[in-house]
Structure formats: structure tokens, C-alpha cells
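To find a chain, count down the sequence lines: A is the first, B the second, and so on, and within it residues start at 1. Excluded from the calculations below are hydrogen atoms, water molecules and symmetry mates; all remaining heavy atoms, backbone and side chain alike, are included.
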Number of protein chains: 2
Amino acid sequence: MIGENILENIAEIVREKTRIPVYGVDVRRILSALQVTDDFWEIIFYSEVTVPAASEILKELDRKGIVKLSGDVIVITEKGYEIIKKFEIPKPYYKKCPTCSGRGISLEDFEEVLREFKKIAQNRPEAIQQYDQGYVLPEVTVSRVALMANKMDLQNKRLLVIGDDDLTSIAAGLSNLPKEVVVLEIDERLVNFINKISEEYGLKVNAEIYDIRNPLPERHYAKYDTFITDPSETREALRLFISRGISGLHGPRCAGYFGITRAEASLEKWYYLQKMLLDMRVVITDMIHNFNIYVNWGYAEKTRAMQVAPVKKAPKREWYTSTMYRIETLEGFVRYNEPAKEDIYEDEESSTV
Amino acid sequence: MIGENILENIAEIVREKTRIPVYGVDVRRILSALQVTDDFWEIIFYSEVTVPAASEILKELDRKGIVKLSGDVIVITEKGYEIIKKFEIPKPYYKKCPTCSGRGISLEDFEEVLREFKKIAQNRPEAIQQYDQGYVLPEVTVSRVALMANKMDLQNKRLLVIGDDDLTSIAAGLSNLPKEVVVLEIDERLVNFINKISEEYGLKVNAEIYDIRNPLPERHYAKYDTFITDPSETREALRLFISRGISGLHGPRCAGYFGITRAEASLEKWYYLQKMLLDMRVVITDMIHNFNIYVNWGYAEKTRAMQVAPVKKAPKREWYTSTMYRIETLEGFVRYNEPAKEDIYEDEESSTV
């Protein structure tokens, strides 16, 4: 006999264990994903449940005999299939536009940029764990530039890039659209790489060392038309990366871009973020699902994600994605520019550091 | 001699005249659009300024000798070109994915639905002004269904459609994915049409008469998994359409969809809307720019848009678009279900009634 509230009960147990807001829907989405894949990372991709919560849900499903975790394999048991039938849990359906992968963007006018960018990116510094790095596919970096161009946020504009392991500054520079691109980046390897390429190609791109925990320096304060960043996703990191970006903007109706995942941020954290944005008097204008797709990074085995994962197999394909947010400042927006108050690298939902 | 603050000054004048929050950027975007089109409706499309504000901006530009309005034609004057040069105002750049028109959606699995839908829609009741109607292209209606399917919001789910001149219920019914589709609609013609088609095609779709100004009836309260609506965009209408939809949802982590324009809603109104959403404890998960493209409607000449337009030419092509929002309810979300308090059809930014 399967109880009416079994999915909610499992969510409740996991919620208590992880302190992450987990819902019956999350359990349902994991049972949905399991019908098409036994790969933990693909389960994250389809279910959009945070890594630590998904891990605990799977362990609890195992304890209850609904799935079986053994070694590398996750299988649905007979009882599991009964539950799937009882609650009419469908297989995941995920089919985006084959041309743009759902980004909605045309790269027609950016083919040359993409070609050059790919060449340059071959020699990029590898992602390292120390700074929670992990970069997107080259097509994604160039799509960001095309997106910003579509929004008129690059043409004759000054662009501030905060943290740039994705090398968005290079792609923006290659497009020849912005008047100036400034990169603030903690990793000296990247600063040097970007400046070297900028000189070689004669780009209007300049990178300098900057630690997000410090206030934005005076010379960058209120100077830019547009910012882009790819924040770490602890609450404190979200606040810092985004408010630094906003502090760099010169006035109302300037734009900001950043990617937010589901793998490291529950919808409750999204809610927190959205409240924070409105509190700063900025408005959200676009949110493009899975715009950003990340290349699997070299240090995956050493992350908390891998430690908490119920099976220890490396990802087979890209699974870590994020929604691209675009915001605009309104009259009376707030440039919050205080030093960091908390650890930016860890909270209950984070897992890639 | 052109003053440094001329764009901001024009915005200020228009702001006072229209009571719509207008920024220098809005004037700039109109001068951008004017470089590629002299069609007022295309100017709205590119600039994303509300119709009444864009009208007043153009009139003020005319008074200042920056553009010339005469009869059907809007031209940039010599002084206008000086300003464009001085402020480095680029031409608009707008190029979405050619396959999905920027919606990000694949229709591959919905081709049969689209074919049937187009046949059915040929006999649809025409849009009428009395109810602020205006429907989207058939591809858009079916894309909505594909989008909801991608989000797992239709499969074995109950869908509530509030206002359905777009016939989204029919497309959803044809997909055979939802368990049930219920339409609440004020227009008897549409209710009858939808029910007739539903019977003819054996769909699980039922329409009934409903006026958004009244609370959602008990039998529809807290019953559905998903809602979709296409609200009128006065503040009061936004509040009513969306809170009725939310009142129809059975619990946390249910989804809602609705389109919001820029032609009738400034970013300040978007901000108001987003604050309202968060106040109801729902989170925004997606915002897809220009997802909805509307067929030009028959009663255009009689709208306030046409009355305020500085030139009286009918639109040549589709110009009225909206961003598709998707929201999810969180624990503690609010079902606000009170009667209407204000006029839902008119405020300072509205123009299509």
C-alpha cells in the first residue's frame, strides 16, 4: 500500500536533513528523470533539483525501496514503478529549438567572432577550484555577445565584466561593438591571458586584478553602461557579484546580465535573489532558460557535488546549466558597495567548490 | 549648439505630460528606431516605449525640430542627425533565431497539432474591442503548448485558461497531454466556439462564462496544476488576471504563464508587477522576450493607440508583442480572490482599448 503523501513525506525528511527547501514536486521530478537516465548528473539536469537535495532524495528513495543505489547504477524498483503509475509521473520532455538550443539567438552576424574566439580559447587557462571557476561552451560566450547586441547594450557602450573565466570580454572585444570593455578578475592567469590577447588582436579590452569581497574601486564606480557576471551562488556571493555590477553602472536604465543555476540554487534562493534585485530598484527584463551550458570542469572529482553524489561516476555530458537573467536599473536604484560580510563560497545548496 | 541634457529634458517634459515614467533612454531608443523605419508601429516594436509615451516623445521631438511629423511621414531632420551623431545613437539591431523566432521552442513534436489548429482557427470569432481582445499567431499558440510541455506543466495535469481569444485551450487539448483543460472566458462567442470544437474533436476542454472582476468560483478554486492567461495591462487588470490564476492553483510549485508587453507597460509597471508577484510568494522562472506576437486586430482604428499616434497609418506588419512570463508558487503563496476595485480597462499607459 502506497500512502497518498509519500512524495511529500520524503521531501519533508530531506528538507530536515539538508535545510534546503525541498518539495514533493522535487521528488516527483527525480522519479520522472529516472525513467530516462541512470546518470546522476543527467538527473540533476532534468529534475532541476539542487545537487545536495537530489542526493538526499535518492538516498531516501533507496531506503524506502523505491530506487536501488548500487555502485554506479541507480535503478527504479518494482515499488518505484508502482509509485510512478499511481502518481502518473511522466517521463521528462525536453526539446529546445535545434538551431539555437533554446537561447533564441541568431549567430549569423557573429560567425567570424565565433571562429576567432574558438581559436583563442584553445589556449585559455584551465578552470580551477580555488575560485569556483567553470566556463561555458564557446557558442555560449558568443551568444552572450549576440544577446547583449540584440538588447542594444553593447553598441558604443562601456561594458564591465566581473569575473571572466568565460572570456566574454574577448568575444565582446572581437565584435567591435563596445567602446570599451573592462574586466575585473581575481585570477592573475586570466588577467594576463586577456590582456595578452587584447594586445595581440588590438582589442579595447583591459583586465585587472580584483577580489569581489572588496568594494568596487572608485575608478570603476558608476562608469559603465552594462555589466555581465557569472556569480558563485551562495546568498552572499549573489549579493556581492550583482551589487558590484550595479555599483559599476552610471545611471538608470543601464543593464546587467548574470547566470543562475538550479543545480546550486533552489527556487527559494531564486526568490531571495529576485527580492534582493527589486530591493535595489532594478527590474528583471529577461530570463532565458539554460542559456548557459558549462563545459565539464577538470576538478569535478574534488567538489562537494561529487562528495555528496550517491554514485561516484563522472558526468558523461554537459549537465551544469544556468538561466540568463537580464536586469535594468530604474530611477532610485541602489549602488550597494560594502565589503563582504560572510563566506562567499559555501552554503547549504552550493556544491561545485 | 546641442545641450548635454537634451534627451533627458525631453523625457522630463513627456513624463510630466503623460504621467508615464519616461527616461532619456526612451528618447534615445526612438531616435535609434527612426534610423531604420518611419512607421510608428515599428518604432514601438524597436524602441519598446509605451504607445502614449512614444507619441508624446515624437511630438516633442517635432516641436524641437529634431524630427518632422507631416501627414503619414516621420523624418529625422538635420538637427536630428546631429543629435544622433553627438550621442552616438546606433541603429537598432534585432535578429532572433530564424528557426524559432527567438522563442527557443521546437515544434517538431507539435506539427500535427499546429496543422489541426490552423484549420480550426480559420473559423474563430474575430477580436472585439469590448473585451480588449487580440490574438497571437497560430504558431505562437502552439509554441505556448510546447513550452508548457517542456516545463512538464501539461503532462497529466489540469490546465486553467483565463480568457482565451488565443484558443490556447484548443491547442492544449489537441496535444492530448493535459488531463483536463478548463476555460473561463467573458465572451459568449468564444465559449460557444471552444465548446463546439471540443465536442467535435473529442477534446478534454470545457469553457464557461466568467467575468474577471468577480472572484474565482468555489468549484475552480485551488483545483489546477497550471494556469495561463493573457492579461489586460492596467495595474488592476494585471492584479486580477494573475491573482485569479494563482487562486486556481492547488498548491506550492504549480505554474502560471502570462504575456506582458512593453507597448502598454513601462518598465516601472513591470517593476510593480514583479513586486506584486513576489508579495504573493511566487517566483519568476522564465521570461521569454517577444514570445507572443499578435495578429493585427480589426478594431485598431478605434483604439486609444491610434488616437494618440502622431501619424494615422495602420500598421503594415505585426508590431504588438509580449514577453512570456512563467511563475511558480512557493510554500505560503497567497490566493488573493477579492472582487475588482478599479476600472480594469484604462490607465495612463494602456492604449489598445
Give me each pair satisfying side-chain hydrogen bond (donor to acceptor under 3.5 Å, both in side chains) with a member in residues 6-18 of chain B, each pair once, sequence neighbours excluded. none
How long is the straight-line distance from CD1 of A:I260 back to OG1 of B:T285, given to the nearest 0.5 Å? 13.5 Å
Partners meeting side chain to side chain donor-acceptor pair (under 3.5 Å) with A:D109 (sequence neighbours left out): B:Y93, B:K95
What's the verdict on salt bridge (Lys or Arg N to Asp or Glu O under 4.0 Å) for A:R281 and B:E268, showing C-alpha distance, side-chain angles and the deciding distance? CA-CA 10 Å; A:R281 281 273 301 158; B:E268 292 281 349; 3.2 Å; yes
Check ion pair B:K157-A:E88 (N to O, under 4.0 angstrom): no
Listed by number, the residues in residues 326-333 of chain B that come under 4.5 Å of chain A (heavy atom to heavy atom) are B:E328, B:L330, B:E331
Kindly compute the distance separating OG (B:S32) from CE (A:M152), expressed to the nearest 0.5 Å. 4.0 Å
Would you check if the side chain of B:Q274 reaches a backbone N or O of A:L278 as a donor-acceptor pair within less than 3.5 Å? no
I need the residue from B:G251, B:S106, B:P21 with the largest number of non-hydrogen atom pairs under 4.5 Å to chain A. B:S106
Kindly compute the distance separating NZ (A:K275) from CG (B:D279), expressed to the nearest 0.5 Å. 5.5 Å
Which residues pass the ring pair (Phe, Tyr, Trp, His ring centres under 6.0 Å) test with B:Y81, sequence neighbours left out? none
Side chain, backbone, both or neither: which part of A:F110 has a non-hydrogen atom closer than 4.5 Å to chain B? side chain
If you look at every heavy atom in A:L267 and B:V283, which pair is closest and at what distance? O-CG2, 3.9 Å
Looking only at heavy atoms and a cut-off of under 4.5 Å, which of A:C97, A:C254, A:P92, A:P90 has the most pairs with chain B? A:C97
Under a 4.5 Å heavy-atom cut-off, does chain B meet the side chain of A:K91, its backbone, both or neither? backbone
Looking at B:T99, B:N150, B:L273, which one has more heavy-atom pairs under 4.5 Å with chain A than the rest? B:N150
CG on A:L277 to CD1 on B:I284, rounded to 0.5 Å: 9.5 Å
Relative to chain B, which of A:R103, A:K151, A:R29, A:E48 shows the most heavy atom pairs under 4.5 Å? A:K151
